[in-house]
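Step one of this worksheet: look at the structure below.
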Amino acid sequence: MHTSTALLTDMYELTMLESTLASGAANRASVFEVFARRLPSGRRYGVVAGTGRILSALRDFTFSAEEIDYLREANIVSESTLNWLADFRFSGDIYGYAEGECYFPHSPVLTITGTFAECVLLETLVLSILNHDSAIASAASRMTSAAHGRPCLDMGARRTHERSAVAAARAAIVGGFAGTSLLEAGRSFDIKAIGTAAHSFTLVHDDEEAAFAAQVATMGPGTTLLVDTYDVPRGVERAVAAARAAGGELGAVRLDSGDLVAQAFKVRQQLDELGATSTKITVTSDLDEYAIAALGAAPVDAYGVGTRLVTGSGFPTAEFVYKLVARENSEGVVQEVEKKSASKSSHGGLKVAGRVCDEGGVAREELVVSCRDFEQGRDYLAKAGARPLQVHLVAGGEIIADPDLAEVAARHVSSRAELPYAAWRLSAGDAELPTKLVDIYAGDDNPHQGA
């Protein structure tokens, strides 16, 4: 069944459309850009996520009879505008940072070109996806960085809106997570599903031994048993015994309360003394990047993260904005335009971005070039020795990219590894890479000129 995404749109997108159709400005060639003026306070980098979901939503961004009927009944726009919307299909181009790339203030993470009318309609949808998913992926990246190779698992579905939870699970994978507890996310995005039992499972049985035996009987001795419903040492002993009674070694124990650092050391010692040296330890319970870092020296094998992941670890939005940066004037000439408002200014012109690295391959600068077109900008980047960051996603309305989630996650690992070591610090700091804005719109193609 077709489900339109067209009404995931603020009303003023349609009222602007109607007014520009009346004024004649609707068909002016335009360039819109998504960027963040700043990173969330104290963050040193951000992560681009949600590109694949934007492309999927764009496929369904059409106004069927059902959407048109609603707009007519609610008296949102006139009949002539409804007729225009009934035939609408985006026919422009979209470029963007490859999903998984790190970004910085003023990075042009997405560029939408076409007529004003068709580009303005996408604003709300694009921002709602990018702001949410990039916030989650950025938090996930900090958590996986703090985990130093130990797997992090998404367990946040119950802490957010049911549909947001699906998107958050995907964004977590972009940021380096290894699996999700949410089955719909597993189905939708081919993410590894994880999970065994909660405390209620233990409590519904007459005793802990019966609960563990039941779980091992259905899931096998390699399962993960939750050992802190009652007394942890006794729970560990019973868990190991239950697995051995079934003829195998226990896969893992999970700790979900108390002083996780101290408990991890005690449980590891107990497991080893019981001969369960291969049994792993998973910890959960209100983890964030700081708690994960604090557990770095503890004998922990995996982390389950919930609330702090799906809420962006304190920053639930990436604060992206969607601004018109160039448009055709009444004489048919494309001009740079920019907002001058205090504290909310923008930089005019279509922009092409690259990352400059030193001889050791460490990123040192984000180079953002305001130019006539992507070809001119890429020529500039090549002369400056910068790695291009943007890819062509949509050409003439046709989606030409299909981000593979595993490839996106691998790209993020590579992009993050390229950053200076200080970018990995969890302490508050400025954006780790400076952004150099260069305007060659007038034709100056010397990379050593401009500022």
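- Distance CG/D87 to CG/L82: 11.5 Å, rounded to 0.5 Å.
- Between H347 and F35, the closest side-chain pair of non-hydrogen atoms is not below 4.5 Å.
- Under a 3.5 Å cut-off, the side chain of T202 and the backbone N or O of A211 do not form any donor-acceptor pair.
- In this structure, L121 and W84 approach most closely via the heavy-atom pair CD1-CZ3, 3.8 Å.
- Using modelled atom types and a 3.5 Å distance limit, the side chains of T111 and E33 yield no donor-acceptor pair.
- A salt bridge between E418 and R387 is present, with a side-chain N of the basic residue lying under 4.0 Å from a carboxylate O of the acidic one.
- Without hydrogens or angle criteria, D228 side chain to L255 main chain gives no donor-acceptor distance under 3.5 Å.
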Decide side chain to side chain donor-acceptor pair (under 3.5 Å) for E184 and S188; before the verdict, give the C-alpha distance in whole Å, the side-chain angles of both, and the deciding distance to 0.1 Å. CA-CA 6 Å; E184 183 57 52; S188 297; 2.7 Å; yes

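- The distance from atom CZ of F374 to atom OG1 of T113, rounded to the nearest 0.5 Å, is 7.5 Å.
- The ring-ring contact (aromatic ring centres under 6.0 Å, His included) contacts involving residues 188-216 comprise F201-H205, where partners must be two or more places apart or lie in separate chains.
- A side-chain N or O of T81 and one of E18 form a donor-acceptor pair less than 3.5 Å apart.
- The two atoms that bring A239 and L250 nearest to each other are CB-CD2, 3.6 Å, heavy atoms only.
- T311 places no side-chain N or O within donor-acceptor distance of the main-chain N or O of P316, the cut-off being under 3.5 Å.
- Remark: T9 OG1 to L14 CG distance equals 6.5 Å, nearest 0.5 Å.
- For the pair L17/V77, no side-chain contact is recorded, criterion being any heavy-atom separation below 4.5 Å from C-beta on.
- Summarising the geometry, atom CG belonging to L127 is positioned 9.0 Å from atom CZ belonging to F320; distances are rounded to the nearest 0.5 Å.
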V253 vs L271, test: side-chain contact (heavy atoms from CB on, under 4.5 Å). Steps then yes/no. CA-CA 10 Å; V253 296; L271 288 169; 4.3 Å; yes

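- Counted within 6.0 Å of CG on D430, heavy atoms from surrounding residues, nucleotides or ligands total 12 or fewer; the atom is thus considered open.
- The shortest distance between side-chain heavy atoms of K351 and V369 does not fall below 4.5 Å.
- Between E319 and R37 there is no salt bridge, since no side-chain nitrogen of the basic residue lies less than 4.0 Å from a carboxylate oxygen of the acidic one.
- With hydrogens and angles ignored, the 3.5 Å screen pairs no side-chain donor or acceptor of S141 with any backbone N or O of A137.
- Between D154 and the choices I136, I173, V310, the side chain to side chain contact (heavy atoms under 4.5 Å, CB included) rule is met once, by V310.
- The two atoms that bring V337 and A326 nearest to each other are CG2-N, 3.6 Å, heavy atoms only.
- Taking all atoms of both residues into account, the shortest heavy-atom contact from L226 to A198 is CD2-C, 3.7 Å.
- Counted within 6.0 Å of CG on D206, heavy atoms from surrounding residues, nucleotides or ligands total 12 or fewer; the atom is thus considered open.
- The side chain to side chain donor-acceptor pair (under 3.5 Å) check on T279 picks up nothing, with sequence neighbours excluded.
- A ring-centre distance under 6.0 Å is not found for Y103 and Y45.
- For the residue pair S145 / E289, no side-chain donor-acceptor distance below 3.5 Å is found, with atom types taken as modelled.
- You'll find the side chain of L110 stays beyond 4.5 Å of the side chain of Y97, heavy atoms only.
- For R159, the CZ atom counts as loosely surrounded, since its 6.0 Å shell holds 12 or fewer non-hydrogen atoms of other residues, nucleotides or ligands.
- A salt bridge between E101 and R355 is present, with a side-chain N of the basic residue lying under 4.0 Å from a carboxylate O of the acidic one.
- Open room surrounds CG on L183; 12 or fewer heavy atoms of other groups in view lie less than 6.0 Å from it.
- Panel note: side chain Q215, backbone T224; a donor-acceptor pair is recorded below 3.5 Å.
- In terms of modelled atom types and a separation under 3.5 Å, the side chain of S107 and the main chain of F104 share a donor-acceptor contact.
- Residue R158 qualifies as open at atom CZ: its count of foreign heavy atoms under 6.0 Å is 12 or below.
- A donor-acceptor distance shorter than 3.5 angstrom exists from the side chain of T218 to the backbone of A214, with no hydrogens or angles considered.
- Side-chain atoms of L287 and R308, non-hydrogen and from C-beta on, never get closer than 4.5 Å to each other.
- A donor-acceptor pair is defined here as one N or O able to donate and one able to accept, closer than 3.5 Å; no such pair exists between the side chain of R170 and the backbone of A165.
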Carefully, step by step, assess Y303 and T282 under the rule side-chain contact (heavy atoms from CB on, under 4.5 Å). CA-CA 6 Å; Y303 306 95; T282 294; over 6 Å; no

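- Between D133 and R53 there is a salt bridge, since at least one side-chain N of the basic residue sits less than 4.0 Å from a carboxylate O of the acidic one.
- Counting heavy-atom neighbours within 6.0 Å of D286 CG, excluding the residue itself, gives a total of 12 or less.
- At least one side-chain heavy atom of L393 sits under 4.5 Å from a side-chain heavy atom of T51.
- The closest side-chain donor-acceptor pair between D10 and T124 falls under 3.5 angstrom.
- Of all heavy-atom pairs between S134 and A318, the closest is CB-CB, 4.0 Å.
- The distance from atom CD of E366 to atom NE2 of H106, rounded to the nearest 0.5 Å, is 12.0 Å.
- Using a 3.5 Å distance cut-off with no hydrogens or angles, the side chains of D60 and T5 do not pair a donor with an acceptor.
- In this structure, the side chain of R244 does not engage the main chain of P221 through any donor-acceptor pair within 3.5 Å.
- Checking R327 against S30 by side-chain atom types alone, no donor-acceptor pair falls below 3.5 Å.
- Sparse packing is recorded around CG of D190, with 12 or fewer heavy atoms of other residues, nucleotides or ligands lying under 6.0 Å away.
- Annotation: side chain of L350 is not in contact with side chain of V325 (no heavy-atom distance under 4.5 Å).
- Two residues are said to be in side-chain contact when any heavy atoms from C-beta on lie closer than 4.5 Å; V216 and L225 meet this criterion.
- Rounding to the nearest 0.5 Å gives a distance of 7.5 Å between OG1 of T284 and CG of L260.
- Ring orientation note: the planes of Y322 and F32 are tilted relative to one another, at an angle of 30° to 60°.
- Residues R238 and Y230 bring no donor and acceptor atom of their side chains to less than 3.5 Å of each other.
- Scored by the side chain to side chain contact (heavy atoms under 4.5 Å, CB included) test, T144 finds C152, F177, R416 as partners (sequence neighbours excluded).
- Between P233 and Q270, the shortest heavy-atom contact is O-NE2, 2.7 Å.
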R44 vs S427, test: side chain to side chain donor-acceptor pair (under 3.5 Å). Steps then yes/no. CA-CA 9 Å; R44 297 169 185 259; S427 58; 3.1 Å; yes

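- Judged purely by atom type and a 3.5 angstrom limit, S4 has no side-chain atom pairing as donor or acceptor with the backbone of F63.
- Enclosure of atom CD in E66 is not indicated, since only 12 or fewer non-hydrogen atoms of other residues, nucleotides or ligands lie within 6.0 angstrom.
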